Amino acid sequence: ERGGKISRVNPANGLVTLLHTITDVDARGEGGLLGMVLHPQFNTTPYVFVAYNYSSAGSYREKVVRYTFSSGKLANALVIQDNILAGNIHNGCRLVIVGDKIFITTGDAGNTALPQDNGFINGKVLRLNLDGTIPADNPFSGSAIWSKGHRNAQGLVYANNILYSSEHGPDTDDEINIIEKG
């Protein structure tokens, strides 16, 4: 839930069980807990990745955290990406895992100059190893940036060996993009 609650739903009977509450989620404007993905081999690698907005010393930020599901609880929080600028609008936060990499969309946080600026990770699709380290074969050395120039990617899917994102236009001109390295 946008306010920070993560629940399990039993598909057989519809029973909803609260699993975890992330207490530092800040759900202002369009922000909050906005993205979640389970590791594709969840039964053997029980990782749950979440992306959310929070407040740090009065500054609105976004981060991606990896939890381990064990004994019916989420534990061992590991921050894999932090200090992404956040805003009341355009936070992105879609996650998809492909092989041993996680892709993360970030919005421009309402600042249209950021998507083309490699000094910021806003307005980008990021690619990280599952422990938060930067893959050596990313297109910009030492950077999590995989592709840039995105306003507010709100969908991310990997199908037929292609990474796709859906992105909102200002009032019209929504897009489906094929995301490629660099």
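For reference, positions follow the sequence shown, starting with 1. What you see is a predicted model, and the numbers here were worked out from it, not measured in a lab.
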Once rounded to the nearest 0.5 Å, what's the spacing between atom OG1 of T45 and atom CG of D100? 11.0 Å
Contact check, side chains of N76 and Y67, non-hydrogen atoms, under 4.5 Å: no
Give the cluster check for I22 versus F69: same hydrophobic cluster or not, with ILVMFWY residues linked at side-chain heavy-atom distances below 4.5 Å. yes
Run the numbers on H39 and T44 for side chain to side chain contact (heavy atoms under 4.5 Å, CB included), then give the verdict. CA-CA 9 Å; H39 189 280; T44 57; over 6 Å; no
Are any non-hydrogen side-chain atoms of K124 and S147 less than 4.5 angstrom apart? no
Below 4.5 Å, heavy atoms only, C-beta onward: do Y60 and L85 meet side chain to side chain? no
Do R66 and D131 make a side-chain contact, defined as non-hydrogen atoms from C-beta onward lying under 4.5 Å apart? yes
Side chain to side chain contact (heavy atoms under 4.5 Å, CB included) between L19 and S7: does it pass, once the steps are laid out? CA-CA 5 Å; L19 186 62; S7 299; 5.7 Å; no
Decide yes or no on side chain to side chain contact (heavy atoms under 4.5 Å, CB included) for Y47 and T68, but give the supporting numbers first. CA-CA 5 Å; Y47 292 152; T68 302; 3.6 Å; yes
Does L95 belong to the same Ile/Leu/Val/Met/Phe/Trp/Tyr cluster as I179, with side-chain heavy atoms less than 4.5 Å apart forming each link? no
Using only atom types and a distance under 3.5 Å, with no angle test, would you say the side chain of T106 pairs donor to acceptor with the backbone of G123? yes
Compute both the distance and the angle, then confirm whether R61 meets the cation-pi test with Y54: under 6.0 Å from the six-membered ring centre, within 45 degrees of the axis. no
Using side-chain heavy atoms (C-beta onward) and a distance below 4.5 Å, is R28 in contact with N88? yes
Check G31 against N53 and note the closest heavy-atom contact, atom names and distance. CA-OD1, 3.0 Å
Could you pull out the closest heavy-atom pair between L156 and S165, with the gap in Å? CD1-CB, 4.0 Å
Does this structure show an ion pair linking R127 with D137, if we count only N-O contacts that are shorter than 4.0 Å? yes
For V25 against G4, the heavy-atom pair lying closest together: CG2-CA, 3.8 Å
Is I80 close to V65 at the side-chain level, that is, under 4.5 Å between some pair of heavy atoms? no
hydrophobic_cluster_shared for V125 and Y164, side chain cutoff 4.5 Å: no
Surrounding CG of N13 (heavy atoms of other residues, nucleotides or ligands, distance under 6.0 Å), is the total greater than 12? yes
Can you tell which of I178, V157, V96 makes a side-chain contact (heavy atoms from CB on, under 4.5 Å) with L163? V96
Among N152, D108, T112, which residue meets the side chain to side chain donor-acceptor pair (under 3.5 Å) test with H90? D108
With side chains defined as the heavy atoms from C-beta onward, is the minimum distance between P170 and R151 less than 4.5 Å? yes
Other residues, nucleotides, ligands: >12 heavy atoms within 6.0 Å of K181 NZ: yes
Minimum heavy-atom separation for L33 and Y52, please, with both atom names. CA-CB, 3.6 Å
Which atoms form the tightest heavy-atom contact between E175 and N177, and what is the distance? OE1-ND2, 3.1 Å
Whether D174 side chain and G169 backbone form a donor-acceptor pair below 3.5 Å: yes
In the structure I gave you, are the side-chain heavy atoms of I121 and Q81 within less than 4.5 Å of one another anywhere? yes
Which atom pair, heavy atoms only, marks the closest approach of V50 to M36? CG1-CG, 3.9 Å
Salt bridge (charged side-chain N to carboxylate O under 4.0 Å, His left out) for K63 and D24? Distances and angles first, verdict last. CA-CA 11 Å; K63 63 182 163 183; D24 65 333; 3.1 Å; yes
Distance-only polar pair, side chains of H150 and E167, donor-acceptor under 3.5 Å: yes
Where do E62 and C93 land on the side chain to side chain contact (heavy atoms under 4.5 Å, CB included) test, with the steps shown first? CA-CA 8 Å; E62 182 172 292; C93 283; 3.2 Å; yes
Do I97 and L126 share a hydrophobic cluster, counting only Ile, Leu, Val, Met, Phe, Trp and Tyr and linking them when any side-chain heavy atoms are less than 4.5 Å apart? yes
Verify same cluster id: V48, V79 (apolar side-chain graph, 4.5 Å): yes
Without swapping roles, check the side chain of T21 against the backbone of T23 for a donor-acceptor pair under 3.5 Å. no
Under 3.5 Å: donor-acceptor pair, side chain of N138, backbone of I134: no
